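Keep in mind that this is a model prediction, so the values were computed, not measured.
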Amino acid sequence: MWLLGVAGGAQAASAVTGQYRNVFREWRPALTERMIDAKIDGYWRSLFEGDADSRIYYPAAPTADGPSAYIKDIGNDDVRSEGMSYGLMIAVQMNRQREFDALWNWMRTHMRYQDGPRRGYFRWQCRPPGCAGDAAPASDGEEYTATALLMASARWGDGEGIYDYGRQADELLAAMLHKEAMNGGVVGEVRSIFPVGADQVVFVPIGGAAEFTDPSYHLPAFYELWARRGGAADRARWRKIAETSRHYFQLAAHPQTGLTPEYAEFDGRPRRQEGHGDFRFDAFRTAVNWSVDQAWWGRNPWAAELSARLLGFFQRQGDGPYPAQYAIDGTVLDRASSSGLIACNAVATLALDGPPPARFVADLWNLAPPRGKWRYYDGLLQFMAMLHLSGRFVAYQ
């Protein structure tokens with residue numbers, strides 16, 4: 001019955017009011033804050049302090065700027081800007097400045113391009129000793145990193161050197177928006193992450209990969225924050241980009257299932273490239289993006305319907321774990337399930353008006369921090385979902 005009454009706009013904007021929903025307690029009022037805190041602290045202990053089969057956070061050799069550490073993708077034996085930026089975000093939300101600074105030091109030391117036309121961007125992949133991985137940026141890493149730095153500045157204040165969080169965020173935001181102008185045009189195929197005229201994030205700001213987007217990289221909740229905290233000259237552009245992404249979700253989501261592709265054209269059509277025109281692992285996060293944006297800012301009148309459409313599709317998959325990969329029309333591509341998708345679907349309930357649907361909230365609550373070879377991606381998505389649904393993921397500004 002929860003699919004009824006989903007018209008958007010009824011929710012208060014949490015980032016404006018400062019009041020963040022605790023969906024777990026809406027679902028089960030008997031839960032105490034202490035019980036929820038214990039669950040969240042368990043994720044921190046497992047992923048950041050746990051044993052060899054559970055942790056993804058690893059201290060590394062110190063640099064001249066102090067301690068350093070990285071988040072490791074265990075299954076692929078590498079370090080990714082995606083995971084590093086998620087680690088930064090979790091650390092600022094958990095008030096863990098020491099771990100934040102260690103991650104930022106490693107990322108800035110080993111992953112940031114120090115010179116040339118890519119200067120200021122980050123390599124999407126490195127090996128744990130330093131780099132020697134894939135030498136291209138991936139736009140989502142820059143987006144989460146800039147936002148985590150702004151939030152660190154707001155929560156802890158700015159330090160010195162690389163720990164002047166606000167200045168570091170401003171430099172990264174400027175590169176994302178003005179890289180082509182900084183370089184005097186497109187040099188070495190390097191583009192801005194938000195090219196002039198597109199008002200959309202590109203998949204990778206290099207060559208042909210800058211000619212399309214990834215719907216899960218559209219983060220209007222962050223762009224709205226940048227429009228309030230970023231450089232004054234760019235604020236109107238960030239606000240326009242936020243509105244473009246809010247509309248884009250309507251274009252990219254399938255009209256019956258609500259599923260979105262991993263890669264898509266700027267007009268929302270799936271980009272049929274090596275299977276990425278389907279709903280796969282990147283695409284889990286798209287509903288998180290429209291739902292968090294609506295919960296924080298309340299400016300997307302279509303978000304509630306999008307979440308209802310998507311969650312209605314997954315409700316129809318029956319009880320128990322549902323498959324994780326589909327064509328966007330709902331055709332199952334692989335029967336295996338994913339706790340990362342279960343976590344993201346729980347966050348999609350934030351966009352719905354009225355009581356949260358119990359099935360999706362319960363599914364997240366009943367998960368344990370993952371262990372084993374593939375714990376990296378699922379673990380980070382689960383951890384952030386726990387923060388979102390408990391009201392502990394705050395838009396520090």
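Annotation for S139 and P205: closest pair OG-CD, 3.9 Å, computed over non-hydrogen atoms. The two residues A324 and S337 come nearest to each other via the heavy atoms CB-C, 4.1 Å. Minimum interatomic distance between A252 and P215 (heavy atoms only, all atoms of both residues): CB-CG, 4.1 Å. For L88 against A148, the heavy-atom pair with the smallest separation is CB-CB, 3.8 Å. Annotation for I328 and T260: closest pair CG2-C, 3.8 Å, computed over non-hydrogen atoms. Between L387 and Q93, the shortest heavy-atom contact is CD1-CB, 4.1 Å.
No more than 12 heavy atoms of other residues, nucleotides or ligands shown are found within 6.0 angstrom of CG on D319. Within a 6.0 Å radius of CG in D115, no more than 12 heavy atoms belonging to other residues, nucleotides or ligands are found. Environment of CZ in R228: crowded, with over 12 heavy atoms of neighbouring residues, nucleotides or ligands closer than 6.0 Å. No more than 12 heavy atoms of other residues, nucleotides or ligands sit less than 6.0 Å from atom CD of E189.
Counting only N and O atoms by type, the side chains of T147 and W226 include a donor and acceptor under 3.5 Å apart. A donor and an acceptor atom, one from each side chain of W44 and E49, are located under 3.5 Å apart. Inspection of the Q125 and D78 side chains reveals an N or O donor paired with an N or O acceptor under 3.5 Å. A donor atom on one side chain and an acceptor atom on the other are found under 3.5 Å apart for D378 and S338. Side-chain contact of N22 with S390: a donor-acceptor pair under 3.5 Å is absent, judged by distance alone. D65 and Y163 are not linked by any side-chain donor-acceptor pair at a separation below 3.5 angstrom, with hydrogens and angles left out of the test. Donor-acceptor pairing under 3.5 Å is lacking for the side chains of T286 and N289. Neither side chain, Q19 nor S14, offers a donor N or O lying under 3.5 Å from an acceptor on the other. No side-chain donor-acceptor contact under 3.5 Å links T63 and S68. With 3.5 Å as the limit, one finds no donor-acceptor pair spanning the side chains of Q97 and R155. Of the N and O atoms on the side chains of Q325 and R280, at least one donor lies less than 3.5 Å from an acceptor on the other residue. Defined by atom type and a distance below 3.5 Å, a donor-acceptor pair is present between the side-chain atoms of Y376 and E82.
When ring centroids are compared, F212 and F266 stay outside the 6.0 Å threshold. Ring centroids of Y121 and Y113 are separated by 6.0 Å or more, keeping the two rings apart.
Counting only heavy atoms from C-beta outward, the side chains of W104 and I162 approach each other to under 4.5 Å. Within the 4.5 Å cutoff, the side chain of L150 has heavy atoms near those of the L173 side chain. Side-chain atoms of R127 and V79, non-hydrogen and from C-beta on, never get closer than 4.5 Å to each other. At least one side-chain heavy atom of L381 sits less than 4.5 Å from a side-chain heavy atom of C344. No side-chain heavy atom of V202 sits under 4.5 Å from any side-chain heavy atom of T213. Annotation: side chain of M111 is in contact with side chain of M84 (closest heavy-atom distance under 4.5 Å). You'll find the side chain of R191 reaches within 4.5 Å of the side chain of V186, heavy atoms only. Taking 4.5 Å as the limit, some side-chain heavy atom of R392 sits within range of a side-chain heavy atom of I36.
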- Item | Residues D140, W124; criterion side chain to side chain donor-acceptor pair (under 3.5 Å); working and verdict | CA-CA 9 Å; D140 60 331; W124 84 271; over 6 Å; no
- Query: ring-ring contact (aromatic ring centres under 6.0 Å, His included) between F314 and F360: does it pass, once the steps are laid out?
  - Reply: CA-CA 9 Å; F314 284 107; F360 297 101; 7.3 Å; no
- Message: Set out, in order, the CA-CA distance, both residues' side-chain angles and the distance that settles ring-ring contact (aromatic ring centres under 6.0 Å, His included) for F249 and W302, then state yes or no.
- Response: CA-CA 9 Å; F249 293 134; W302 310 286; 9.8 Å; no
- Message: Would E99 and Y57 count as a side chain to side chain donor-acceptor pair (under 3.5 Å) here? Give the steps.
- Response: CA-CA 9 Å; E99 289 83 358; Y57 174 92; 5.3 Å; no
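Salt-bridge annotation for D51 and R55: absent, with no side-chain N of the basic residue lying under 4.0 Å from a carboxylate O of the acidic one. With salt bridges taken as basic N to acidic carboxylate O contacts below 4.0 Å, one links R246 and D293. With salt bridges taken as basic N to acidic carboxylate O contacts below 4.0 Å, one links R285 and D282. A salt bridge is absent between R167 and E160: the closest approach of a Lys/Arg side-chain nitrogen to an acidic carboxylate oxygen does not fall below 4.0 angstrom. The pair E305-R309 counts as a salt bridge, with a side-chain nitrogen and a carboxylate oxygen less than 4.0 angstrom apart.
A distance-only check finds no donor-acceptor pair linking the side chain of Q317 to the backbone of P323 [under 3.5 Å]. Under the 3.5 Å distance criterion, the side-chain polar atoms of R119 are matched with a main-chain donor or acceptor of Q114. A donor-acceptor pair is defined here as one N or O able to donate and one able to accept, closer than 3.5 Å; such a pair exists between the side chain of T32 and the backbone of M35. Counting only distance, with no hydrogens or angles, the side chain of N105 and the backbone of P67 share a donor-acceptor pair below 3.5 Å. E143 places no side-chain N or O within donor-acceptor distance of the main-chain N or O of F222, the cut-off being under 3.5 Å. Formation of a donor-acceptor pair under 3.5 Å by the R375 side chain with backbone atoms of G372 is found in this model. Looking at R21, its side chain does come within 3.5 Å of a backbone N or O of L350 through a donor-acceptor pair. In terms of modelled atom types and a separation under 3.5 Å, the side chain of R316 and the main chain of G312 share a donor-acceptor contact. In this structure a side-chain-to-backbone donor-acceptor pair under 3.5 Å is present from S192 to K179. D73 places a side-chain N or O within 3.5 Å of a backbone atom of N76 that can act as its donor or acceptor partner.
In the hydrophobic clustering of this structure, V347 groups with M94; members are Ile, Leu, Val, Met, Phe, Trp, Tyr whose side-chain heavy atoms approach within less than 4.5 Å, directly or through other members.
Atom OG1 of T244 sits about 9.0 Å away from atom CZ of R237, to the nearest 0.5 Å. Once rounded to the nearest 0.5 Å, the distance linking CD1 of I74 with CZ of R371 reads 12.0 Å. If you take CZ on R229 and CD on E224, they are separated by 14.0 Å, rounding to the nearest 0.5 Å.
Sequence neighbours left out, the pairs with a member in residues 267-277 that pass salt bridge (charged side-chain N to carboxylate O under 4.0 Å, His left out) are E265-R271, D267-R269, R272-D278. Sequence neighbours left out, the pairs with a member in residues 171-198 that pass ring pair (Phe, Tyr, Trp, His ring centres under 6.0 Å) are F194-Y223, F194-W238. Applying the ring pair (Phe, Tyr, Trp, His ring centres under 6.0 Å) rule to pairs touching residues 76-98 yields Y86-Y144, sequence neighbours excluded.
Aromatic ring pairs are classed by plane angle as parallel below 30°, tilted from 30° to 60° and perpendicular above 60°; the pair Y217 and F203 is parallel. Using cut-offs of 30° and 60° for the angle between ring planes, the Y165 and F100 rings count as perpendicular. A perpendicular orientation is assigned to the rings of W296 and Y20, their planes being inclined by more than 60° (bins at 30° and 60°).
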